[in-house]
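Worksheet: the structure to be examined is printed underneath.
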Amino acid sequence: MKILVTGGVGFIGSHTVVELDKAGFEPVIIDNLYNSDLEVLKGIKQITGKDFPFYNIDCNDIEKIRSLFEKEKFDGVIHFAAYKAVGESVDKPLDYYENNLISLLVLLRVMKEFNVKNFVFSSSCTVYGQPDKLPVTELTPRKPATSPYGNTKAIAEDIIRDHVYSAPGIKAICLRYFNPIGAHESALIGELPNGVPSNLVPFITQTAAGLRESLTVFGDDYDTPDGTCIRDFIHVLDLANAHVKALELLNEKQDSDYYDVFNVGTGEGYTVLELINTFQEVNGVKLNYTIGPRREGDVEKIYAQSDKVNNIMKWKAEKTMAEALRDAWNWQLKITPKK
Ligand code: UD1
């Protein structure tokens, strides 16, 4: 089955391409390289031994997307391509709404025109805001988004749901990711942040590699065992595999208006300090860090209840946080320029 992977050169997209190939799907990658690097395709080739079709196309360009759908006969679409920096989205909300929502509308429209039925969307646990009760299940009410980025995810979920219920034939799954970390165990692909990383693990690996002086831990006065925030850190390969399972589930579904959302997390929460300590232990490196003030907009604690994805999709996180941190470090060592 031929699957269009938008943003397939990015962090989660590239790992998903590898997992799709392993499961017998044929990925076709599009990416506008806004926040990704063509070198990643070499890594994918080294892992899989294959050159998957790649097109430098922006998902907002409906004519190019149409031409692509004419050329390649897709059986499904996994839509990763989006802007994803929470802080930047506060400064440039229009860019975020335009890029993240128009691209979605274009894809859904063209899928309908070409009768492509299966759609998997990258959503985020950010749609829960700070939940009143933990762990969060898919029935936990969504909260108003704390950033335009988060709002694009919530609006996108609604658009997809409304479209599925109005257009018989299309089936869709939104995956609500918790915090993806790590890299492929081969260290041939991994995360390539643009500029100063805003996410925790790339900042840690760059600091440990000497590219940054020190990590600031944003706040140690939260209501958690050590005062730092709690997150559900999931290995990116496990997350990638959830997309394969989502496609398999969509294929099985006979009802023509199937729509569902799934949490994709490990079900376990760890504090930022626990993650830092695990990173140091598993890799035998010392990390410079200081405690700083809280970062505006951060949620105190969130982790998934993953029963639904375990039971319905038959998916479970297999890798530990320690493995993810080892893989992230090996990847950082591979890409750090030698002095
Ligand atoms: C955020 C979004 C998530 C989105 C992700 C993409 C929210 C609630 N979550 O995740 O939906 O998919 O960004 O980028 O909007 N930290 C430090 N020092 C640092 C960096 C981070 O202490 O230099 C801490 C943060 O305070 C947080 C944890 O590490 O407690 C994880 O932060 P990060 O990796 O940025 O992810 P989230 O904010 O959880």
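In each ligand, atom 1 is the first atom listed, and ligand 1 is the first ligand listed.
No more than 12 heavy atoms of other residues, nucleotides or ligands lie within 6.0 Å of NZ in Lys22, so this atom counts as exposed by the packing criterion. Counting non-hydrogen atoms of neighbouring residues, nucleotides and ligands closer than 6.0 angstrom, the NZ atom of Lys308 exceeds 12 such neighbours. Other residues, nucleotides and ligands contribute over 12 non-hydrogen atoms within 6.0 Å of the CD atom of Glu113. Counted within 6.0 Å of NZ on Lys71, heavy atoms from surrounding residues, nucleotides or ligands total 12 or fewer; the atom is thus considered open.
Below 30°, between 30° and 60°, or above 60°: for Phe69 and Phe74 the angle between ring planes is above 60°, a perpendicular geometry. His243 and Phe80 have tilted rings, their planes meeting at an angle from 30° to 60° on a 0 to 90° scale. Phe11 and His15 have perpendicular rings, their planes meeting at more than 60° on a 0 to 90° scale where under 30° would count as parallel.
Among all non-hydrogen protein atoms, the one lying nearest atom 3 (C) of ligand 1 is Ser124 OG, 3.8 Å. Ranking protein heavy atoms by distance to atom 7 (C) of ligand 1, first place goes to Thr126 OG1, 3.5 Å. Looking only at heavy atoms of the protein, atom 30 (O) of ligand 1 is closest to Cys229 CB, 3.1 Å. For atom 18 (N) of ligand 1, the closest heavy atom belonging to the protein is Thr216 O, 2.8 Å. Counting protein heavy atoms only, atom 28 (C) of ligand 1 is closest to Val272 CG2, 3.8 Å. Of all protein heavy atoms, the one closest to atom 26 (O) of ligand 1 is Asp298 OD2, 2.5 Å.
Counting heavy atoms closer than 4.0 Å to ligand 1, residue Asn179 contributes side-chain atoms (C-beta onward) but none from N, CA, C or O. Neither the backbone nor the side chain of Cys125 has a heavy atom within less than 4.0 Å of ligand 1. The part of Tyr149 lying near ligand 1 is the side chain, judged by heavy-atom distances below 4.0 Å.
With atom 27 (C) of ligand 1 as the reference point, the heavy atom nearest to it among Arg231, Lys301, Arg294 is part of Arg231. Selection from Val196, Asn199, Val299 by nearest heavy atom to atom 5 (C) of ligand 1 gives Asn199. Across the listed options Lys84, Glu88, Arg295, Arg176, Arg295 owns the non-hydrogen atom lying nearest to atom 32 (O) of ligand 1.
Near Leu215, meaning under 4.0 Å from one of its heavy atoms, ligand 1 places the atoms 18 (N), 19 (C), 23 (O). Ligand 1 places these atoms under 4.0 Å from at least one heavy atom of Val86: 1 (C), 2 (C), 13 (O), 15 (O). Every atom of ligand 1 is numbered from 1 in the order shown, and the set under 4.0 Å from a heavy atom of Val217 is 22 (O).
Residue contact annotation: Ser198 has a non-hydrogen atom under 4.0 Å from ligand 1.
Salt bridge status for Arg294 with Asp221: present, with a side-chain N to carboxylate O gap under 4.0 Å. Under a 4.0 Å N-O distance rule, the pair Asp132/Lys143 qualifies as a salt bridge. Looking at Asp75 and Lys2, no side-chain N of the basic residue comes within less than 4.0 Å of a carboxylate O on the acidic one, giving no salt bridge.
Ligand 1 has a nitrogen or oxygen under 3.5 angstrom from a nitrogen or oxygen of Phe218. Residue Leu200 places at least one N or O, backbone or side chain, under 3.5 Å from an N or O of ligand 1. Residue Thr146 has no N or O atom closer than 3.5 Å to an N or O atom of ligand 1.
For the pair Glu191 (side chain) and Gly182 (backbone), a donor-acceptor distance under 3.5 Å is absent.
Residue Tyr128 is tested with Glu138, Arg176, Arg142 for a side chain to side chain donor-acceptor pair (under 3.5 Å); the sole match is Arg176.
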